[in-house]
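Side chains are part of it too, since the values below use all heavy atoms of this structure and drop only hydrogens, waters and symmetry mates. In what follows, chains are A, B, ... by sequence order, proteins preceding strands, each numbered from 1.
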2 protein chains.
Amino acid sequence: MSLFLSSYENRLDTKGRVSVPASFRASVSNEKFAGVVLFRSFTNNCIEGMTMSRMEQMAAATDKMGVFDSELDDLTAMLFADARQLAFDVTGRIIIPSDMLAHAGITDSAIFVGRGNSFQIWNPDAFRAAQEKSLNNLRAARPNLKIGE
Amino acid sequence: MSLFLSSYENRLDTKGRVSVPASFRASVSNEKFAGVVLFRSFTNNCIEGMTMSRMEQMAAATDKMGVFDSELDDLTAMLFADARQLAFDVTGRIIIPSDMLAHAGITDSAIFVGRGNSFQIWNPDAFRAAQEKSLNNLRAARPNLKIGE
DNA sequence: GGTTTTTTTATGGTATTTTATGGTTTTTGA
DNA sequence: TCAAAAACCATAAAATACCATAAAAAAACC
């Protein structure tokens, strides 16, 4: 799977359709499902997005936990119950459900934000503010990311 | 097997018929049994649903427990004795048995809730309350789900 | 290097199909 | 024979596919 990189701001039309950035579509192009899976973020006021195969990996990961585990309940409730699979139309657009738009405070335009193996969709202004905050957090405390094991 | 994602609220008609959401039917479409298996949840006031092949996986998983385990007795009683297989009619509807409706408190409408490899059927109001609770739980403590090994 | 041409991408509107849902008729089986 | 279940038919609403154009990016050209 190729990575979701960079940020792209696109307009919503009257029917709520919005183009998924071409470069994101390219990242999905060799998936069997030609579209994306979205769900409301429970950490930010934004929408989380990923490929279907990534979602299937999530399901496989939950299978390794106990089937009747109560912690798992909450997680699968938000991950799967809230998720929507949205196919691209011919020109590469999706219609973001209105409850998700409300959650993210998106009205007339949305910004698609690359997150590596996934992406997010934000209200453009809210994103810029959050981005500023992330920068300050990182300056205050350098993260401990290791590439070699 | 494709995943059960998202939530769909559908009405029951006077005869108790309710449409299984089209996307759920799609998840079942390459199964040999064109329908679903339901049983009463013993963790929530709802109905558990899955494909026949998932049910077979469950049977295989119970084999890993001791044959004369007393927990297994109760589990298999609910899983297999209580389970009903319901075929879709031409338009994709099923009739949910009345004891299951009573268990879930479903009267005039039901919400089909994706859970990844399975799904649930809830009273819509009860589901929304439970969902709110899950969201709060997750916000309080971020779950630790790892996809890489 | 700058200009023109071509291609890709984003966006707007319309037509078609699918889906949910209500009702009626036929079949089954007790 | 009668009631319950299954099959059949019809329709409105929602979702999806289709077509057409404008804007932007990339490529080709001088």
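- Summarising the geometry, the separation between CZ on A/Arg11 and P on C/dG13 is reported as 11 Å, rounded to the nearest angstrom.
- Under 3.5 Å, the side chain of B/Lys15 and the base of C/dT24 form at least one donor-acceptor pair of N or O atoms.
- One can place CG of A/Asp13 at 12 Å from P of C/dT14, the figure rounded to the nearest angstrom.
- In the set D/dC8, C/dG22, C/dA20, D/dC8 carries the atom at the smallest distance from any side-chain atom of B/Val90.
- B/Thr14 comes within 4.0 angstrom of nothing in the nucleic acid, heavy atoms only.
- Nucleotide D/dA12 is matched to C/dT19 when pairs are restricted to Watson-Crick or G-U wobble geometry with both distances under 3.5 angstrom.
- For A/Arg84, no side-chain nitrogen or oxygen approaches OP1 or OP2 of D/dA15 to under 4.0 Å.
- Along DNA chain D, the nucleotide closest to A/Thr91 and the one closest to A/Ala87 are compared, and the more 5′ of them pairs with A/Ala87.
- Computed from coordinates, the B/Ile96 CD1 to D/dA5 C1' distance equals 16 Å when rounded to whole Å.
- Straight-line distance from the CG atom of A/Asp89 to the C1' atom of D/dA20: 14 Å, rounded to whole Å.
- Between B/Leu12 and A/Val20, the residue anchored closer to the 5' end of DNA chain C is A/Val20, taking for each the nucleotide with the nearest heavy atom.
- Looking at A/Gln85, its side chain never comes within 3.5 Å of a backbone N or O of A/Met52 through a donor-acceptor pair.
- Whole-Å rounding puts the A/Arg17 CZ to D/dA20 P distance at 15 Å.
- Inspection of the B/Gln57 and B/Arg54 side chains reveals an N or O donor paired with an N or O acceptor under 3.5 Å.
- A sub-4.0 Å separation between OP1 or OP2 of C/dG13 and a side-chain N or O of A/Arg93 is absent.
- Looking only at side-chain heavy atoms (C-beta outward), A/Asp73 and B/Asn44 come within less than 4.5 Å of each other.
- Checked against A/Phe119 for a side-chain contact (heavy atoms from CB on, under 4.5 Å), the options A/Thr51, A/Leu5, A/Leu38 give a single hit: A/Leu38.
- Going from atom CD1 of B/Ile94 over to atom C1' of D/dA5 covers 15 Å, rounded to whole Å.
- In this structure, the CG atom of A/Asp108 is 16 Å from the C1' atom of C/dG12, given to the nearest Å.
- Whole-Å rounding puts the A/Glu9 CD to C/dT9 C1' distance at 16 Å.
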Step-by-step side chain to side chain donor-acceptor pair (under 3.5 Å) determination, B/Ser23 to B/Tyr8
CA-CA 9 Å; B/Ser23 105; B/Tyr8 305 87; 3.2 Å; yes
